[in-house]
Amino acid sequence: MIERFDFSDLRELFAKANEEKSGDQLAGIAARSERERVAAKHKLADLTLDEIVRRPLIDPSEDDVTRLTLDACDQKAFRGIASMTVGEYREFILDDGTTDAQLQPLQRAIIPEVAAAVTKLMSNKDLVLAAAKIRNVTRCRNTMGERGVLGIRLQPNHPADNIGGILLAAFEGLLYGCGDAVLGVNPATDSVDTVSAILVALTRLVDAYEIPTQVCCLAHITTQLAALNRGTPVDLLFQSIAGTEAANRSFGITLNMLREGREQVLEQHRQRDVRWVGDHAMYFETGQGSALSAEAHHGVDQLTLEARAYGVARAFEPFLVNSVVGFIGPEYLYDERQIIRAGLEDHFMAKLLGLPMGCDVCYTNHAAADQNSADNLLLLLSAAGCNYFMGVPCSDDVMLNYQSTSYHDALAARRLFQLRPAPEFLAWLQVMGIYRGTEPASLDSSARRQLMRGLEATLERTF
Amino acid sequence: MASCDDELPQRRDALESDLSELVKKVRAQTPARLLAGRSGAAYRTHTQLELRQAHAAARDAVRTELNLLPNSTNDLGEEFARQWNLFEVCSQAASKDEYLLRPDLGRHLNDASRAELSRRCTTGRDLQIAIGDGLSVTAVARQVPQLLPLLCDGAHTRGWSVGEIFVIRYCRVGILNQIGELLTPKVAVLLIGERPGLATAESLSAYMAYQPKTLDTDANRNLISNIHARGVSSEQAARRILDLADSMIKTRASGCQLREELTPSTQNAHVPTISRTAR
């Protein structure tokens, strides 16, 4: 006997075709049984890409993210794949004959909903295989994302924004070869004074050692711009973003604020005496569940909304993008299984859409996960060619109160998959004697003391 | 392959001796796990086990139930509750598990609690303080007994009227909106336990809003986070909360709108873009 499942619209079909997520259950839109889930996947597989584009999940008249992503779509390139079904599109992506050279020109041809749809038909291993084909390279003060490169964001946070504590944590990370993606601090206090103090101190560290990398303070965009207007150097302008206009509003941002902010930072770049290797100047963080958390989800599933956040990100040509995959908590991603799935989905979708995607592989202490879960996702995403991970001292973020990946994890992932830091940064590590070839060098006492002088000079200037 | 020199205990001591006095001083100012050494590309064994131990403590802090009754080890204390006439209300979540999986329930008071607040609280106060368990009862138990008296003293000094204080079980930040609708204070402050980390399970947040109402979001709120012994002290937190409340009353605004009007001396309110608490 064949069961029949009816799906009233695309929104419902998309939601029910998802792998199990507590966030979709919370929203009341998840499949009610495994059979219904598979039925939805079957039906989704038979839709053409054109049908998805012609029936927006969120009405363009209600939402500027829908308008942005539809307007940005490369219609001409899309015509070549419009008649493919989602199932055929999955096979096309995975096909032996399809390489980065075929996928790159199509990045702007697909809207986020198409990327979301094909993701729903992929197994975890598919997501790794497909993502590993794609390299999205970006440039600011160094070059991130080339094949064979794994970057690390140093995340030397401090619960009271203590500058010394931040600098020492950053310095230690550099000795592990971390920090090529960015030296990026989440401030405990979102004030112009604090943000300026952090940016100035990190910039001094970068100047003291002439490190080819970027600094960033992950405050609200308006605070960073207020600091910039005071003359504080801003390499990367950060903002958390989401996949609907209403969710972005709950973050206190609009698309226009991102557009204008980017222009201001690029203007400052032109005025500074820095060797820029490119003009990618934005850093975005995202995460499944953020729109629902802001009660701004329009009945759309969290995977699709995450893809839409990437549609926002790519409009502003970011240097770095990562989802903070286990940060949001068990009500959206309940356990290790769901966190790992979401991490692989986010990375693949973003790569398919053309983003320089990294991942904050992480978990909170109220989720059913532990460091073994993070180890697993770290290795899976390394195999998938993830652009970068976080480097937090012993994985313990003492400001944000969650566990991410550590300096040690960076060494492990690079060693296991034979990956290097960003080229300019690796050259710097070698000149400094921190690396010999592509591995950390053994430092003797005098080398360590020698290295610490720049830190001490920076600390002395700061106090 | 990297040399294993750093991993031998005597080499670690050597690393210690390479640190200048300045660096040692700085190291003492951060709870971050710095200079832990390594075994190849992995932790040393004692680091590995310390991390597991801290995670176990954090998991337990999440699971602890709020308790205003006497003789429980992780509570505000009966005496404190009596002194401040604290009483307990509850969100619509019926258990810890439901609370963790259904944040929507944690943002709304149950019917009995709404009735009790209407009965026991005075409306239209300048300042309304509520205490929520959030994700760490340990944080509430450690920080609130120091912070609450400072807040109330400061409010009285400024001549503000202060509403009756209550404790909310299974509480999320969004419950501020309901407090605003029910009790119509000028400024509402929710003191709520942050999600415990490994370095501390005792960190408290203060979420604040001017005349909070239904449909308000984080953009309408200000946050002072990391209130604990090694983060923001009770004294600092109280001063910042009171200064911010003062600005809210004067400008009749909160959240993103407010911050831009703050003077440098008070511009320390964080509009939450990433939540580490229980939204």
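Worth saying up front: this structure is predicted, and the values here are computed from it rather than measured. By convention in this document, chain letters (A, B, ...) are assigned in the order of the sequence lines, proteins followed by strands, and residues within each chain are numbered from 1.
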Part of [X] within contact of chain B (heavy atom distance under 4.5 Å):
X: A:R414; result: neither
X: A:Y435; result: neither
X: A:D370; result: both

* Structure fact -> Residue set satisfying side chain to side chain donor-acceptor pair (under 3.5 Å) with A:D375, at least two apart, ordered chain then number -> none
Once you round to the nearest 0.5 Å, how far does [atom1] of [X] lie from [atom2] of [Y]?
X: A:C394; Y: B:R44; atom1: SG; atom2: CZ; answer: 11.0 Å
X: B:R240; Y: A:T189; atom1: CZ; atom2: OG1; answer: 4.0 Å
X: B:T200; Y: A:N401; atom1: OG1; atom2: CG; answer: 7.5 Å

* To do: Enumerate by number any residue of residues 165-174 of chain A whose heavy atoms lie under 4.5 Å from heavy atoms of chain B; in the absence of such residues, state 'none'.
  => A:G165, A:L168, A:A169, A:E172
* Distance-only donor-acceptor check, side chains A:S445 and B:D18, under 3.5 Å ->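 Yes - a donor-acceptor pair under 3.5 Å links their side chains.
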* To do: Verify whether the ring centers belonging to B:H55 and A:Y363 lie closer than 6.0 Å.
  => yes
* Just by distance, do the side chain of A:H158 and the backbone of B:Q29 share a donor-acceptor pair under 3.5 Å? -> yes
* Nearest heavy-atom pair of A:H366 and B:L100: which atoms, and what distance? -> CD2-CD2, 3.9 Å
